[in-house]
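Single-structure report; data block below.
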Amino acid sequence: MPADLVIVANRLPVDQVENPDGSTGWRPSPGGLVSAIEPVMRAADGVWIGWPGGVDRDLEPFEADGLHLVPMSMSASEIENFYEGFSNGTLWPLYHDLVAKPEFHRVWWDAYVSVNERFAAKAAEVAAEGATVWVHDYQLQLVPQMLRDLRPDLRIGFYLHIPFPPGELFQQLPWRRQILEGLLGADLVGFQLPGAAGNFVRLVRQRVGHKTHRDRVLLPDGRTVRAEAFPISIDAAGFEELARSEGVVERSKEIREALGNPRKIFLGIDRLDYTKGIYARLRAFAELIEDGELDVEDAVFVQVAVPSREEVEQYRILRDDIDRLVGRVNGDLGRIGRPAISYLHSSYPREEMAALYRTADVMVVTPYRDGMNLVAKEYVACRTEDDGALVLSEFAGAADELRQAWLINPYDINGMKQALLDAWRAPDKELTRRMKAMRRTVQKHDVAAWAESFMTRLNDDGPDSRPES
Ligand code: GDG
């Protein structure tokens with residue numbers, strides 16, 4: 001099955017489901033990446049390599065919904081050392097401003113190298129002569145160079161979905177040079193923001209000693225690697241259509257009713273992750289009630305926390321901390337039938353997400369650091385009546401585009417409280433002005449435009465085809 005386009009990502013874009021007759025099948029996983037890449041995959045009859053989840057599952061390549069999928073098995077020790085360890089215990093906190101303390105363990109690194117080797121070998125096996133391979137995210141940063149060593153004929157792109165840290169932080173990593181060299185195997189390295197691309201180029205110059213020119217790295221063998229920003233987005237039209245659908249409009253009314261028809265509903269939707277700033281935002285909201293600025297008869301905070309990485313210690317601690325905070329706030333400030341915070345530790349279908357976005361008067365997105373944050377963009381896409389307020393952290397990539405949000409510093413609790421109040425009190429006219437502008441941005445720069453711009457850039461005729469600017 002030699003393929004002209006190969007996507008390599010930690011996870012396959014499908015989840016296993018049990019059919020009513022007891023047999024198992026596959027369902028496309030929710031999330032923008034799949035819908036972004038799907039059209040590109042279909043057009044090129046591409047193949048997607050990734051882990052299907054589960055331990056030691058040796059599955060044959062299969063097709064789901066017309067997509068060619070190549071599953072990679074993962075052993076219990078690889079899940080522990082490569083996935084939970086080096087990917088989520090070392091790189092994730094290191095790349096997110098050290099919001100948690102990264103741990104550096106040599107056994108984790110060894111597993112990271114060997115899993116990256118397996119993914120690279122599989123990509124080398126399935127790629128046709130001269131094919132394009134697009135590698136995704138922090139779990140697979142060594143794959144580009146490993147793959148180039150095996151298959152110099154390929155065109156290789158890499159995209160990092162999370163931030164790329166400044167040198168001051170990155171240099172803590174004992175294997176910093178190997179990671180930079182791994183990424184340099186790509187022809188094009190894509191980041192969410194220009195600042196991340198700049199961090200990468202600077203580090204390559206300082207730590208690896210290669211010559212650089214603006215967004216290009218000039219390698220001794222004459223090859224050029226480009227590092228550029230491609231801010232990811234969402235299927236804006238798809239979300240908008242969903243938000244307008246009868247079922248979602250109806251469900252939105254039901255949700256408001258079930259919450260006791262409060263005057264304003266605040267909403268947070270996040271993976272339960274310490275980078276997302278959930279604890280501080282709930283505290284800020286609770287303080288506004290304590291201060292008498294808000295009243296539980298008028299306002300409720302709905303927080304959806306989607307279970308995530310539950311085997312990793314820091315995630316368990318976070319869950320306990322938030323459980324305790326919500327319990328205390330509701331115990332102290334709630335009244336019968338009127339909790340201050342309606343807390344849901346669960347994941348929901350896309351329709352329910354759209355209904356929640358439609359219902360919320362104030363969407364609160366307060367990460368300490370986030371590559372982009374698609375939730376903020378999804379909220380905007382679902383505000384078909386041009387109303388609703390977005391309170392957004394300056395440290396989310398999305399803040400670069402959604403300038404009309406109430407931008408906050410999530411470390412500044414008083415500033416956050418003020419922004420919540422300002423958003424709550426904003427006159428309709430101001431809400432409309434801000435939301436209209438943000439909607440235009442999200443509609444124009446959707447995920448299809450993102451995928452296309454990356455692929456076009458990757459398949460440019462030559463590294464120097466772009467005129468000097
Ligand atoms: C990483 C980077 C970057 C969430 N809960 C449910 C659900 N979701 C969907 C949302 C959204 C996605 O998951 C979450 O994306 P985010 O961007 O908010 O955050 P991360 O998961 O941290 O993603 C991030 C992203 O990669 C893409 O490059 O933006 O910065 O950290 O689409 O809607 N979807 C459904 N049910 C849920 O319960 N169906």
Side-chain angles (χ1 to χ4, degrees), residues 9-11 13-15 17 27-37 87-88 91-97 99 134-140 158-165 190-193 195-196 229-236 238-239 242-243 248 267-278 302-309 315 318 343-358 360 363-382 390 392-402 442 445-447 450-451 454:
N10 178 52
R11 283 302 297 256
V14 288
D15 295 320
V17 284
R27 183 187 54 201
S29 358
L33 189 60
V34 192
S35 51
I37 294 177
S87 298
N88 291 321
L91 294 172
W92 180 267
L94 180 69
Y95 282 28
H96 285 92
D97 277 2
V99 172
W134 189 359
V135 183
H136 286 265
D137 229 1
Y138 61 102
Q139 303 92 347
L140 300 175
F158 179 90
Y159 188 78
L160 186 69
H161 290 258
I162 67 174
F164 192 81
F191 299 90
Q192 299 277 17
L193 299 182
F230 299 86
I232 200 168
S233 193
I234 57 161
D235 173 12
F239 264 101
L242 195 60
V248 166
L267 174 67
I269 300 186
D270 313 78
R271 264 188 318 98
L272 187 47
D273 194 295
Y274 51 75
T275 59
K276 303 286 184 185
I278 302 170
V302 178
Q303 176 64 54
V304 175
V306 181
S308 178
R309 304 176 192 167
Y315 287 76
L318 175 72
Y343 178 62
L344 306 155
H345 181 250
S346 180
S347 71
Y348 292 93
R350 241 166 72 96
E351 292 72 20
E352 185 75 356
M353 304 270 293
L356 283 164
Y357 290 138
R358 229 196 125 87
M363 182 81 211
V364 192
V365 181
T366 58
Y368 294 118
R369 183 60 70 190
D370 214 333
M372 177 54 61
N373 196 291
L374 298 180
V375 164
K377 291 187 171 181
E378 289 166 4
Y379 177 68
V380 169
C382 288
L390 175 64
L392 177 62
S393 164
E394 303 165 12
F395 306 131
D400 270 28
E401 292 168 84
L402 304 179
V442 170
H445 302 283
D446 70 356
V447 74
W450 167 79
F454 186 90

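In listed order, ligands and their atoms are each counted from 1. Source: prediction; values computed, not measured.
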| remark: Which of Leu91, Asn10, Leu94 passes side chain to side chain contact (heavy atoms under 4.5 Å, CB included) with Tyr138? It is Leu91
| remark: Among Met353, Glu378, Lys377, Arg350, closest by heavy atom to atom 6 (C) of ligand 1 is Met353
| query | Could a heavy atom of Glu352 be found less than 4.0 Å from some atom of ligand 1? | reply | no
| query | At a non-hydrogen distance cut-off of under 4.0 Å, which region of Met372 contacts ligand 1 (side chain, backbone, both, or neither)? | reply | both
| field | Subset of ligand 1 atoms that lie under 4.0 Å from at least one heavy atom of Gly371 | value | 30 (O)
| message | Using modelled atom types and a 3.5 Å cut-off, is there a donor and acceptor pairing between side-chain atoms of Asp97 and backbone atoms of Val99? | response | no
| task | Heavy-atom distances under 4.0 Å are what count here, so tell me which part of Glu351 touches ligand 1: side chain, backbone, both or neither. | result | neither
| query | When only distance counts, is Asp370 in polar contact with ligand 1, meaning an N/O pair under 3.5 Å? | reply | yes
| field | Atom indices of ligand 1 within 4.0 angstrom of Lys276 heavy atoms, with elements | value | 19 (O), 20 (P), 22 (O)
| message | How close do His96 and Trp92 get, counting heavy atoms only, and between which atoms? | response | ND1-O, 2.9 Å
| task | Taking the six-membered ring for Trp and the full ring for Phe, Tyr or His, determine whether the centres of Trp450 and Tyr159 are under 6.0 Å apart. | result | yes
| note | In ligand 1, the atoms that come under 4.0 Å of a heavy atom of Tyr348 are 35 (C), 36 (N), 37 (C), 38 (O), 39 (N)
| Within the 6.0 Å centroid threshold, strictly below: Phe191 and Phe230 | no
| query | For ligand 1, which atoms, with element, lie under 4.0 Å from some heavy atom of Gln192? | reply | 3 (C), 28 (O)
| request: Before signing off on this row, confirm whether Tyr159 and ligand 1 have an N or O atom pair separated by under 3.5 Å. | output: no
| Within the side chain of Asp137, is there an N or O that forms a donor-acceptor pair under 3.5 Å with the backbone of His161? | yes
| message | Using a 3.5 Å distance criterion without hydrogens, assess whether the side chain of Thr366 forms a donor-acceptor pair with backbone atoms of Gly277. | response | yes
| query | Does Arg369 make a cation-pi contact with Tyr95 (under 6.0 Å, within 45 degrees of the axis)? | reply | no
| Sidechain-backbone polar pair: Tyr379 side chain, Ala360 backbone, donor-acceptor under 3.5 Å | yes
| said: Does any N or O of ligand 1 fall below 3.5 Å from an N or O anywhere on Ile269, backbone included? | reply: no
| message | If you measure every N or O of Ser346 against every N or O of ligand 1, does any of those distances drop under 3.5 Å? | response | no
| query | Given that the side chain starts at C-beta and the backbone is N, CA, C, O, which of these parts of Leu374 lies under 4.0 Å from ligand 1, counting heavy atoms, or is it both or neither? | reply | both
| message | Any nitrogen or oxygen of Ile232, side chain or backbone, less than 3.5 Å from one on ligand 1? | response | no
| task | Answer with yes or no whether Trp92 contacts ligand 1, where contact means a heavy atom under 4.0 Å from a ligand atom. | result | yes
| task | Apply side-chain hydrogen bond (donor to acceptor under 3.5 Å, both in side chains) to Asp270 and Gln303, showing your working. | result | CA-CA 8 Å; Asp270 313 78; Gln303 176 64 54; 2.9 Å; yes
| Is there a nitrogen or oxygen of His96 sitting under 3.5 Å from a nitrogen or oxygen of ligand 1? | no
| note | Logged contact type for Phe239 with ligand 1, heavy-atom cut-off 4.0 Å, is neither
| field | Side-chain donor or acceptor of Gln192 paired with backbone N/O of Ile232 under 3.5 Å | value | yes
| message | Please check whether His161 reaches ligand 1 - meaning an N/O of the residue sits under 3.5 Å from an N/O of the ligand, judged on distance alone. | response | yes
